[in-house]
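Written out below as structure tokens is the structure these notes cover.
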Amino acid sequence: MPPPPSGGGGVSAYGPLASWGDRAIAALVNFVPLIVLSFVIGLVSNTLASLITFAAGIYFYYLDGETGAHPGKRVMGLKTVSMETGQPIGGGMGIVRYFAHIVDSITCFIGYLFPLWDENRQTFADKIMKTVVLKDQPKQAFGPEIFKP
């Protein structure tokens with residue numbers, strides 16, 4: 001059975017779509033602490049700082065695929081789901097989606113801005129992976145629980 005069509009205008013068959021601003025704040029919640037940690041560790045070892053940042057990114061996108069939300073999305077009440085099933089795409093595919101964001105970057109970062117005018121509010125990585133980011137999901141307080149699958 002084919003998936004129901006998108007309603008457009010910020011709504012999908014599975015719920016309201018997250019705005020670009022919501023997604024940007026979720027990314028900041030994830031990466032600002034990592035940048036600070038990387039800077040501090042980088043004072044000792046740039047290689048170690050780079051490895052920790054890369055590993056954290058992999059883990060966050062594993063969580064995003066496995067549960068539908070990395071820590072930043074959990075705090076913001078956002079969820080990544082398949083356009084076809086409305087369910088999370090799985091941890092492995094979440095990591096693939098992480099690498100698909102390379103396309104968002106190599107296009108002078110236009111891919112990250114694409115949700116501002118796209119009907120389904122998708123980045124290029126979302127289009128490649130056939131995912132959407134929903135809003136109005138349960139929010140979690142920032143704490144150790146948001147880092148668990």
Side-chain angles (χ1 to χ4, degrees), residues 6 10-12 14-149:
S6 167
V11 178
S12 79
Y14 305 107
L17 297 170
S19 71
W20 182 86
D22 292 336
R23 293 175 70 160
I25 292 170
L28 287 174
V29 169
N30 273 352
F31 293 108
V32 167
L34 282 178
I35 290 168
V36 171
L37 179 63
S38 292
F39 176 76
V40 171
I41 294 170
L43 294 174
V44 176
S45 169
N46 283 331
T47 302
L48 181 60
S50 296
L51 288 174
I52 288 172
T53 302
F54 179 73
I58 294 287
Y59 182 66
F60 286 173
Y61 277 89
Y62 165 80
L63 285 177
D64 196 40
E66 189 65 24
T67 66
H70 51 58
K73 286 182 180 171
R74 289 177 180 189
V75 168
M76 292 297 299
L78 307 179
K79 186 175 185 180
T80 303
V81 298
S82 164
M83 287 184 72
E84 297 169 348
T85 67
Q87 298 298 312
I89 59 176
M93 294 308 287
I95 293 169
V96 171
R97 185 171 174 270
Y98 174 66
F99 287 107
H101 280 296
I102 292 170
V103 177
D104 294 321
S105 299
I106 63 172
T107 57
C108 298
F109 299 95
I110 291 173
Y112 289 113
L113 298 175
F114 218 74
L116 288 169
W117 58 81
D118 183 70
E119 176 184 20
N120 291 314
R121 297 187 179 169
Q122 293 174 294
T123 63
F124 294 157
D126 288 319
K127 290 186 176 301
I128 292 167
M129 300 301 298
K130 298 180 182 168
T131 57
V132 291
V133 179
L134 306 176
K135 66 178 183 176
D136 297 338
Q137 303 300 304
K139 292 182 179 182
Q140 287 184 266
F142 191 86
E145 292 300 313
I146 66 171
F147 296 98
K148 297 179 182 176

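Counting begins at 1 with the first residue of the sequence. Values below: all heavy atoms of this structure, side chains included; hydrogens, waters and symmetry mates excluded.
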Legend entry - Short side-chain to backbone donor-acceptor contact, Asp104 and Phe124, under 3.5 Å: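 Looks like yes, one N/O pair under 3.5 Å.
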For residues [X] and [Y], determine if any side-chain heavy atom of one lies less than 4.5 Å from a side-chain heavy atom of the other.
{"X": "Gln87", "Y": "Val81", "result": "no"}
{"X": "Gln122", "Y": "Val132", "result": "yes"}
{"X": "Thr67", "Y": "Pro88", "result": "no"}
{"X": "Thr123", "Y": "Trp20", "result": "no"}
{"X": "Lys79", "Y": "Tyr14", "result": "no"}
{"X": "Ser38", "Y": "Phe54", "result": "no"}

Legend entry - Matching residue for Asp126 among Asn120, Thr80, Thr131 - test: side chain to side chain donor-acceptor pair (under 3.5 Å):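 That would be Thr131.
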Inset, instruction - Write down the atom of Val75, the atom of Ile146, and the distance for their closest heavy-atom approach. - result: CG2-CD1, 4.0 Å
Inset, instruction - Specify the closest pair of heavy atoms between Asn30 and Pro71, including all atoms of both residues, with the distance to one decimal. - result: OD1-CB, 3.5 Å
Quick check for you: to the nearest 0.5 Å, what is the distance between [X] atom [atom1] and [Y] atom [atom2]?
{"X": "Met76", "Y": "Lys139", "atom1": "CE", "atom2": "NZ", "value": "6.0 Å"}
{"X": "Glu145", "Y": "Arg74", "atom1": "CD", "atom2": "CZ", "value": "9.0 Å"}
{"X": "Tyr112", "Y": "Arg23", "atom1": "OH", "atom2": "CZ", "value": "10.0 Å"}
{"X": "Leu28", "Y": "Ile35", "atom1": "CG", "atom2": "CD1", "value": "8.0 Å"}
{"X": "Met129", "Y": "Ile89", "atom1": "CE", "atom2": "CD1", "value": "4.5 Å"}
{"X": "Lys130", "Y": "Glu84", "atom1": "NZ", "atom2": "CD", "value": "5.0 Å"}

Inset, instruction - Measure the acute angle between the ring planes of Phe114 and Trp117, then classify it against the limits of 30° and 60° as parallel, tilted or perpendicular. - result: perpendicular
Inset, instruction - Specify whether His70 and Phe60 have parallel, tilted or perpendicular ring planes, treating 30° as the upper limit for parallel and 60° as the lower limit for perpendicular. - result: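 Correct class here is tilted.
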Inset, instruction - State plainly whether the residues Asp22 and Arg121 are in salt-bridge range, i.e. N to O under 4.0 Å. - result: no
Inset, instruction - Show your working on side-chain contact (heavy atoms from CB on, under 4.5 Å) between Leu17 and Leu134 and close with a plain yes or no. - result: CA-CA 4 Å; Leu17 297 170; Leu134 306 176; 4.0 Å; yes
Inset, instruction - Inspect the surroundings of NZ in Lys127 and state if more than 12 heavy atoms from other residues, nucleotides or ligands are less than 6.0 Å away. - result: yes
